[in-house]
Participant: 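Here's a structure for you.
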Amino acid sequence: MTSPRLIEEIAAKIDEIGERISGLTANNPARGFEKNVKAAFACATSKLDLVPREEFDVQRELLLKTLDRLAELEARVATLEAGAPSS
């Protein structure tokens, strides 16, 4: 059976290793490069005429409903025209 003290020591070592890894990655030049790439990408995309996905989905649903309604109205007009006398 494992003693509670051994588990605490293992947990402390794991925490210590995690802190060392965090310290190493904070000073890593690749981390700065990643930040620069993200900033450049954000700057480039901000100049584009983009809309949020939620707004796009709302407009798409509205368009689909409008197209359905248009098809219904076209069918009604065709029915009315078929029943009306020729002029």
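Fair warning: this is a prediction, and the values are worked out from it, not measured in the lab.
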Participant: To the nearest 0.5 Å, tell me how far L63 CG sits from D68 CG.
Facilitator: 9.5 Å
Participant: As an exercise, state the distance from CG of L64 to CD of Q59, rounded to the nearest 0.5 Å.
Facilitator: 11.5 Å
Participant: Just how far is it from atom CZ of R60 to atom CG of L62, taken to the nearest 0.5 Å?
Facilitator: 12.5 Å
Participant: Roughly how far apart are K13 NZ and E9 CD, rounded to 0.5 Å?
Facilitator: 8.5 Å
Participant: Show the numbers, then the answer: is there a salt bridge (Lys or Arg N to Asp or Glu O under 4.0 Å) between E72 and R69?
Facilitator: CA-CA 5 Å; E72 291 173 11; R69 182 69 175 143; 3.4 Å; yes
